[in-house]
Amino acid sequence: MADEQTREYYRQRAPEYEQIYYRDNPPRRKEIDDEAAFLRAFAGDQEVVELACGTGYWTKVVAESARSVVATDLSPEMIAEAQRKEYAREPLFVVGDLEHPPVPDGSFDLLVLGFWLSHQAKETYPRFFETISRPLRRGGAIWMIDNNPPAEGSTVDSARVDEHGNNYKLRRLNNGDSYVILKNYFSRGELVAIVEPYFHLERLVYGTYYWSMVLRPKGL
């Protein structure tokens, strides 16, 4: 479970959050666009649930092709931003904690989770992975995307590392307010080792700026 300062940071960041997708960096933008194209095709005619949907960037992508979309986020401020968008198929937005997804078990073909694993405390992974598998039908899949470690020569801006190996990073909002939030980064090998006990790893793309995975829970 992410700590309260991380959650408060995202509540306050809602109006400016989507700036991350439009940085003036063509290679970074291409990685996002390539993954959006994959997800759009992968979600085709699927019943989709998205956890921690934020401002609805990936919600809008899956809504172009999915049969239905339920999108949840703990922050009403994020949900409000997401609802400002126009969608090819209108999602059902629900305020709810991803630790206790406000959706029925076994009801979806695809679960979408963007830019969250880096905020999930490492010691909670067994419970967390079981939780995000529950909404899926047999044979269902999980799609994730998140940040790669900063490029060589730059810094992680680590404020501290706790006893479980979780990294905490200083982040500032446009208004200057600062927060120390949980933010972990993973090598390709670390990602594989983290998910292998719980999932079949169907796809892993490890780019310069982002990684993405398609997982299928073992036992489903």
Side-chain angles (χ1 to χ4, degrees), residues 1-21 32 35-36 39 42-43 46-63 66 68-85 87 91-105 107-122 124-125 127-136 140-148 166 169 171 173 179 181-186 191 194-195 198-199 210-215 217:
M1 180 176 181
D3 69 329
E4 183 54 36
Q5 186 152 169
T6 300
R7 292 170 182 262
E8 178 62 21
Y9 166 74
Y10 278 104
R11 286 193 287 267
Q12 298 302 320
R13 193 183 175 192
E16 63 195 64
Y17 175 77
E18 200 146 323
Q19 296 169 6
I20 67 169
Y21 295 109
I32 288 288
E35 200 56 32
L39 181 60
F42 192 64
Q46 304 292 299
E47 293 188 81
V48 178
V49 60
E50 182 179 10
L51 304 182
C53 70
T55 55
Y57 185 90
W58 299 107
T59 319
K60 187 174 176 66
V61 170
V62 296
S68 65
V69 183
V70 177
T72 78
D73 199 281
L74 179 65
S75 166
E77 295 85 354
M78 286 287 191
I79 292 286
E81 292 295 324
Q83 289 175 320
R84 298 178 193 275
K85 292 181 167 61
Y87 296 90
L92 171 64
F93 287 103
V94 182
V95 175
D97 189 346
L98 65 79
E99 301 287 339
H100 306 281
V103 296
D105 292 353
S107 299
F108 299 91
D109 306 303
L110 173 63
L111 184 140
V112 168
L113 185 60
F115 296 96
W116 183 259
L117 186 64
S118 58
H119 299 309
Q120 188 69 34
K122 294 179 179 181
T124 70
Y125 285 168
R127 175 170 54 86
F128 175 68
F129 291 146
E130 192 274 332
T131 295
I132 65 173
S133 298
R134 286 203 305 265
L136 294 175
I142 295 169
W143 175 88
M144 292 188 190
I145 190 170
D146 216 318
N147 300 101
N148 274 344
N166 295 299
K169 180 176 180 177
R171 287 275 186 89
L173 300 177
Y179 294 82
I181 69 165
L182 193 160
K183 183 70 175 179
N184 290 318
Y185 296 97
F186 311 99
L191 283 172
I194 286 167
V195 302
Y198 312 96
F199 301 104
Y210 307 101
W211 59 259
S212 66
M213 294 190 291
V214 172
L215 307 169

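Heads up: numbering here begins at 1 and tracks the sequence.
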CD1-CD1 distance between I20 and I32, expressed to the nearest 0.5 angstrom: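 Between atom CD1 of I20 and atom CD1 of I32 there are 7.0 Å.
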Nearest-0.5 Å distance that lies between atom CD1 in I142 and atom CG in L117: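 The CD1 atom of I142 sits 10.5 Å away from the CG atom of L117.
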Distance-minimising heavy-atom pair for [X] and [Y]:
X: D109; Y: Q46; answer: CB-OE1, 2.9 Å
X: E8; Y: Y179; answer: CG-CE2, 3.9 Å
X: N166; Y: K122; answer: OD1-N, 2.9 Å
X: H119; Y: L182; answer: ND1-O, 2.6 Å
X: L111; Y: P135; answer: CD1-CG, 4.1 Å
X: A43; Y: V48; answer: CB-CG2, 4.3 Å

Any heavy-atom pair between the side chains of [Y] and [X] that's under 4.5 Å?
X: V49; Y: P101; result: no
X: V195; Y: Y125; result: no
X: W211; Y: D146; result: yes
X: V69; Y: W58; result: no
X: F115; Y: I145; result: yes
X: Y10; Y: R171; result: yes
X: L191; Y: M144; result: no
X: F93; Y: T59; result: yes

Worked check of side chain to side chain contact (heavy atoms under 4.5 Å, CB included) between Q120 and E99: CA-CA 10 Å; Q120 188 69 34; E99 301 287 339; 3.1 Å; yes
Verdict with reasoning, I79 to C53, per side chain to side chain contact (heavy atoms under 4.5 Å, CB included): CA-CA 8 Å; I79 292 286; C53 70; 3.9 Å; yes
Pairing residues for [X] by the side chain to side chain donor-acceptor pair (under 3.5 Å) criterion, not counting sequence neighbours:
X: Y198; answer: none
X: Y17; answer: none
X: W143; answer: E35
X: S133; answer: none

Can you name the residues that form a side chain to side chain contact (heavy atoms under 4.5 Å, CB included) with [X], not counting sequence neighbours?
X: D105; answer: R134
X: A141; answer: F42, L110, V214, R216
X: P102; answer: T72, V94
X: A52; answer: D73, L98, L113, W116

With sequence neighbours excluded, residues passing salt bridge (Lys or Arg N to Asp or Glu O under 4.0 Å) with E47: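 If we apply the salt bridge (Lys or Arg N to Asp or Glu O under 4.0 Å) test to E47, skipping adjacent residues, the hits are R67, R137.
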For K85, salt bridge (Lys or Arg N to Asp or Glu O under 4.0 Å) partners two or more places apart: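 Checked K85 against salt bridge (Lys or Arg N to Asp or Glu O under 4.0 Å); matches are E18.
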Pairing of R13 and E77 as salt bridge, 4.0 angstrom limit: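 No salt bridge links R13 with E77.
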salt_bridge(E130, R127) N-O dist < 4.0 Å: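 No, no charged N to carboxylate O under 4.0 Å.
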